[in-house]
Amino acid sequence: VTMWLEKKGTGGAKPVVPKQYKRLYLYKDGDQCEDVTGGWAFTKPTSPASSYTSSLNKDGCMYCGGQNSGNGIFSTVNQINMSDYDRLIVEFYYSGNAGDGNARIFVMSGGTEMIKVNISTVAKNKVCFAGTSELAGGKVQLKVNTGGYSTTHMYIKRVWLETVGE
């Protein structure tokens, strides 16, 4: 715990309370956090191959995988009030054979692309974080994009909002 006093003119000091760190999960290890999100929905890519599948809880993750061309989108059912938070963070991992530039994850808010990560190079078989951005109200959308002739297996483990503290 950190405490300090801030000098206020000649009349002495007043206590200063630091910004409180807090976290709000939108998805956690298979829990869709429906009290906040209303649940999650998945929109399949426009051209999924016959082996393409998706799940809102596969081994504790939101999952989409197989061969496709286009965008698969996980989206909260409810709009999310992000005004009390500084960051939207997505914890995920990926496996597949998509080449550089073919596989990406986009973190979207209200239909606007906020963060783009090339998953074929940075997220291969390990947990990664897609970090911070200016947040706007609206549904949180996680768009998984792959090109044709590649196989993608995307696992989204946790999604949360947090304050950074001071």
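Note: hydrogens, waters and symmetry copies are ignored here, and every other heavy atom, side chains too, is used. Quantities reported herein were computed from a predicted structural model and do not represent experimental measurements.
- Using bins of under 30°, 30° to 60° and over 60° for the plane-to-plane angle, the ring pair His153/Tyr63 lands in the parallel bin.
- Taking each heavy atom of Arg23 and Tyr85 in turn, the nearest pair found is C-CE2, 4.4 Å.
- Linking Ile, Leu, Val, Met, Phe, Trp and Tyr residues whenever their side-chain heavy atoms come within less than 4.5 Å leaves Ile73 and Ile156 in two separate clusters.
- Using modelled atom types, one side-chain atom of Gln32 and one backbone atom of Trp40 make a donor-acceptor pair closer than 3.5 Å.
- Between the CZ atom in Arg158 and the CG atom in Leu26 there is a gap of 13.5 Å [rounded to 0.5 Å].
- Relative orientation of the Phe42 and Tyr52 rings is parallel, given thresholds of 30° and 60° on the angle between their planes.
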Item to check | Test side chain to side chain contact (heavy atoms under 4.5 Å, CB included) applied to Gln79 and Val140, step by step | outcome: CA-CA 7 Å; Gln79 291 190 347; Val140 173; over 6 Å; no

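- No option in Val159, Asn81, Val36 other than Val36 meets the side-chain contact (heavy atoms from CB on, under 4.5 Å) test with Leu24.
- Here the SG-NZ distance, from Cys61 to Lys157, works out to 5.0 Å after rounding to the nearest 0.5 Å.
- With rounding to the nearest 0.5 angstrom, the NZ atom of Lys28 is 8.0 Å from the SG atom of Cys33.
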Item to check | Criterion side chain to side chain contact (heavy atoms under 4.5 Å, CB included) on Phe74 and Leu56, from CA distance to verdict | outcome: CA-CA 9 Å; Phe74 292 99; Leu56 294 174; 3.9 Å; yes

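- With rounding to the nearest 0.5 Å, the separation of CH2 in Trp160 from OH in Tyr27 is 13.5 Å.
- Closest approach of Val144 and Met154 over heavy atoms only: CG2-CG, 3.8 Å.
- A donor-acceptor pair is defined here as one N or O able to donate and one able to accept, closer than 3.5 Å; no such pair exists between the side chain of Thr37 and the backbone of Thr76.
- Hydrophobic clustering of Ile, Leu, Val, Met, Phe, Trp and Tyr side chains at less than 4.5 Å, counting indirect connections, unites Met62 with Ile80.
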